[in-house]
Amino acid sequence: MAAIQKFEDLTVWKMGLALAIDVYKTLADCKDYGLRDQMQRSSVSIPSNIAEGFEREYNKEFIRFLKVSKGSAGELRTQIYIAIGIGIIDNELGEVLLDKSRHISSMLRNLIKVRETQFS
């Protein structure tokens, strides 16, 4: 297994980036600008905070930013539920986005645990 040299090597960052792109594409024609912008911001926050924390080069800072990223994943899930509930996103696509967000959140939880126990 190759060592992680840059944040772009992290699978969770790659998945977060892909989710943010999916959210942007999904909401490209959305006229509910408030919810659209909030969903875009929370989705972008996921990979952005992973990258920022990694670049800080201190384990405690990295963990802090991973927790912010995990919080953004939860925020996005809530917004997806709202978008489904008001008909902006259909159920099938919404479930796909929810599953991706849950998976990323789980990966972040595991990475936080590893960083807290093995890198302190």
Side-chain angles (χ1 to χ4, degrees):
M1 185 155 121
I4 302 295
Q5 300 294 319
K6 56 193 184 304
F7 67 82
E8 292 96 330
D9 295 331
L10 293 166
T11 302
V12 70
W13 176 83
K14 292 175 188 176
M15 293 179 71
L17 181 68
L19 178 58
I21 292 167
D22 288 347
V23 167
Y24 265 80
K25 288 179 178 179
T26 297
L27 300 174
D29 297 324
C30 178
K31 301 296 187 228
D32 186 330
Y33 302 114
L35 183 59
R36 181 196 68 195
D37 292 347
Q38 189 63 36
M39 290 178 71
Q40 289 171 338
R41 281 193 299 275
S42 61
S43 69
V44 166
S45 177
I46 297 168
S48 297
N49 279 291
I50 294 167
E52 184 172 353
F54 187 93
E55 291 292 320
R56 297 283 178 127
E57 297 184 359
Y58 292 101
N59 192 49
K60 285 186 179 185
E61 285 285 292
F62 189 28
I63 291 167
R64 183 169 72 85
F65 279 89
L66 291 173
K67 289 178 179 180
V68 171
S69 181
K70 189 173 182 315
S72 294
E75 180 182 3
L76 178 60
R77 273 198 312 280
T78 299
Q79 295 157 356
I80 293 167
Y81 283 117
I82 293 168
I84 293 168
I86 61 177
I88 290 173
I89 298 175
D90 67 52
N91 287 339
E92 186 176 336
L93 178 56
E95 282 302 320
V96 169
L97 295 173
L98 287 168
D99 285 344
K100 288 179 181 184
S101 177
R102 286 185 198 107
H103 186 68
I104 290 166
S105 189
S106 177
M107 292 177 73
L108 286 165
R109 181 184 65 245
N110 292 335
L111 182 55
I112 290 165
K113 184 185 293 186
V114 167
R115 298 301 301 199
E116 287 176 335
T117 59
Q118 297 178 18
F119 290 85
S120 316

Any donor-acceptor N or O pair under 3.5 Å, side chains Arg102, Ser105 | no
Between Asn59 (side chain) and Phe119 (backbone), is there a donor-acceptor pair under 3.5 Å?
-> yes
Would you check if there is a donor-acceptor pair between the side chains of Thr26 and Asp22 at a distance under 3.5 Å?
-> no
Please report, to 0.1 Å, the donor-acceptor pairs under 3.5 Å made by any side chain of residues 84-93, with sequence neighbours excluded.
unit_1, atom_1, unit_2, atom_2, d
Asp90, OD1, Glu92, N, 3.1
Asp90, OD1, Leu93, N, 2.8

Would you check if the side chain of Ser72 reaches a backbone N or O of Ile46 as a donor-acceptor pair within less than 3.5 Å?
-> no
Measuring from Glu116:CD to Lys60:NZ, what's the distance to the nearest 0.5 Å?
-> 10.5 Å
Is the side chain of Asp9 donor-acceptor paired with the backbone N or O of Lys6 at a distance under 3.5 Å, no angle test?
-> yes
For Phe65, ring-ring contact (aromatic ring centres under 6.0 Å, His included) partners two or more places apart | none
Got a sec: does the CG of Asp29 have more than 12 other heavy atoms crowding it under 6.0 Å?
-> no
Would you give the length of the straight line joining atom CG of Leu10 to atom CD of Gln5, rounded to the nearest 0.5 angstrom?
-> 11.0 Å
Find the distance between CD1 (Ile112) and CZ (Arg115) and round it off to the nearest 0.5 Å.
-> 11.0 Å
Under the criterion side chain to side chain contact (heavy atoms under 4.5 Å, CB included), which of Ser43, Ser42, Ser101 is the partner of Glu75?
-> Ser42
